[in-house]
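All values derive from a computational prediction rather than experimental measurement. Every chain is numbered from 1, with letters handed out A, B, ... down the list of sequences.
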There are 2 protein chains.
Amino acid sequence: MERKTGKECTADQQLPALGIGPYLELMDKTAVQDADRKSIRMGLVMLWLSDNILDVMDVDLAPFGITESKLDMLLLLMLHDGRELVTPSAIADRLGIRRASVTALLDWLEKRGWVSREQSARDRRMIHVRITPEGRALVDQVLPTFWSTCASLLDDLDAEERKVFEKILSKLHQSIEKKVGVGR
Amino acid sequence: MERKTGKECTADQQLPALGIGPYLELMDKTAVQDADRKSIRMGLVMLWLSDNILDVMDVDLAPFGITESKLDMLLLLMLHDGRELVTPSAIADRLGIRRASVTALLDWLEKRGWVSREQSARDRRMIHVRITPEGRALVDQVLPTFWSTCASLLDDLDAEERKVFEKILSKLHQSIEKKVGVGR
DNA sequence: CCAAATAGTTAGATTATCTAACTATGACTA
DNA sequence: TAGTCATAGTTAGATAATCTAACTATTTGG
């Protein structure tokens, strides 16, 4: 909980946010019903973990010159390649972002030659987006790291813990899906 | 796993990223050792949860016109108020961000009257940052929501599950702390 | 045939970061 | 004490990932 002081931070990367300590301290001062304390404490850890897990992935992907959002898009294209024609609108739907954001992402990926755009002949408003061989090569290169980073999140859990955690995770998944799903 | 299609997304808020489904599909196509599959799958869920947990908190804080980063800073100031003089450098250290970023955050908070800056008399290079009564009022107003959002993350877990999850969380906490701690 | 819907882009904004360079100021040393 | 070095904070300028609103084609349906 205590931050190491001393040596100056020289990182050239994004660093995670405030630890949990200060929050716990504040919670103890705040009038919170005793029964809730444990849940809150666990929620705080989950929040902290969330920040830092994303950070770990960011850092691991960085050497490949790609971010999670962009990898998401490439994977999506890879998955549909050959099978279906993918349009920016469809991508926006799938990724849950706006069409304008997709345009920006595609511009970036296209500039690097990882995706290509082609106007549809049937409906000239539409664009077909495809991953290029270079894009595919990049993904092939990144995936092993991606998988191993995913798996490494559980490194310190033993077999028994993994077993129970699996069930808990799936409950949490559903639970959060319900929450974020509201209003859509 | 499957996205609801149909109704157009009309949200005026940030939406979470690609679900897990596409990743699982890709994993199955990729040459991954069978033993790892389960860990990877769980890691993927953790990644998804991370994105979405932060999102839930963002959404819950939004009505107060504040974000987690800014709340972090206010809480830090609140905690030290009266006890210690807090400088931007110290804040940067505590939050793990650069001094320049602290300047930006403070500018924003100061503009709204939630913090104040005052030059130190003893060392005129230094600035003392304080939370204002208005800032304190804001925090008092936000905290109940913050706590309840934290606690609500565990809503769907029963007593038994919470008990085991607590241990798992603390292991994960340590484990990730070790990872992000490397190189600092 | 024309109005309305749809697809994609552009323009401009926000949030949260970063690095590098700059301005004071203080501290130590020759 | 003058000169150099270190420290504190800010500024300037960049990037990433988003958003909204307005715009341009193009298609569709009455």
Give a yes/no answer on whether the side chain of [X] brings an N or O atom under 4.0 Å of OP1 or OP2 in [N].
| X | N | answer |
| --- | --- | --- |
| A/S89 | C/dG8 | yes |
| A/S101 | D/dC19 | yes |
| B/T67 | C/dA16 | yes |
| A/T103 | C/dT10 | no |

Length of the line joining [X]:[atom1] and [N]:[atom2], which is rounded to integer Å:
| X | N | atom1 | atom2 | value |
| --- | --- | --- | --- | --- |
| B/L106 | D/dA8 | CG | C1' | 13 Å |
| A/L71 | D/dA16 | CG | C1' | 15 Å |
| A/R98 | C/dT14 | CZ | P | 18 Å |
| A/I97 | D/dT20 | CD1 | C1' | 14 Å |
| B/R99 | C/dA21 | CZ | P | 14 Å |
| B/I127 | C/dT25 | CD1 | P | 11 Å |
| A/D58 | D/dT15 | CG | P | 17 Å |
| A/E68 | D/dA16 | CD | C1' | 13 Å |

Result of checking B/K178, B/H173, B/Q174 against A/D156 for side-chain hydrogen bond (donor to acceptor under 3.5 Å, both in side chains): B/K178

Going by number, which of residues 110-124 of chain B have a non-hydrogen atom under 4.0 Å from DNA chain D? B/R117

For the pair [X] and [Y], find out whether any cationic side-chain nitrogen is under 4.0 Å from an anionic carboxylate oxygen.
| X | Y | answer |
| --- | --- | --- |
| A/D81 | A/R136 | yes |
| B/E177 | B/K171 | no |
| A/E25 | B/R83 | yes |

Return the set of residues passing side chain to side chain contact (heavy atoms under 4.5 Å, CB included) with A/T145 (not counting sequence neighbours), or none when no residue passes. A/D60, A/F64, A/T149

In terms of side-chain heavy atoms of A/T87, which of C/dG8, C/dT15, D/dT10 is nearest?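 My answer, after comparing the listed nucleotides, is C/dG8.
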
Taking all atoms of both residues into account, what is the closest heavy-atom pair of B/L26 and A/W147, and its distance?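 Residues B/L26 and A/W147, closest heavy atoms: C-CZ2, 4.2 Å.
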
At a cut-off of 3.5 Å, list every protein nitrogen or oxygen paired with a nitrogen or oxygen from nucleotides 1-7 of chain D, distance to 0.1 Å.
| unit_1 | atom_1 | unit_2 | atom_2 | d |
| --- | --- | --- | --- | --- |
| D/dT7 | O2 | B/R125 | NH1 | 3.0 |

By nearest nucleotide on DNA chain C, pick out whichever of A/M126 and B/L105 is the more 5' one.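 The residue mapped nearer the 5' terminus is A/M126.
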
Which residues satisfy the salt bridge (Lys or Arg N to Asp or Glu O under 4.0 Å) test with A/R130, sequence neighbours excluded?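 A/R130 satisfies salt bridge (Lys or Arg N to Asp or Glu O under 4.0 Å) with A/E118 once adjacent residues are dropped.
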
For A/E134, all residues meeting salt bridge (Lys or Arg N to Asp or Glu O under 4.0 Å), sequence neighbours excluded: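 Partners of A/E134 by the salt bridge (Lys or Arg N to Asp or Glu O under 4.0 Å) criterion come out as none, since no residue qualifies.
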
What residues, two or more places apart in sequence or in another chain, satisfy side-chain hydrogen bond (donor to acceptor under 3.5 Å, both in side chains) together with A/Q141? none

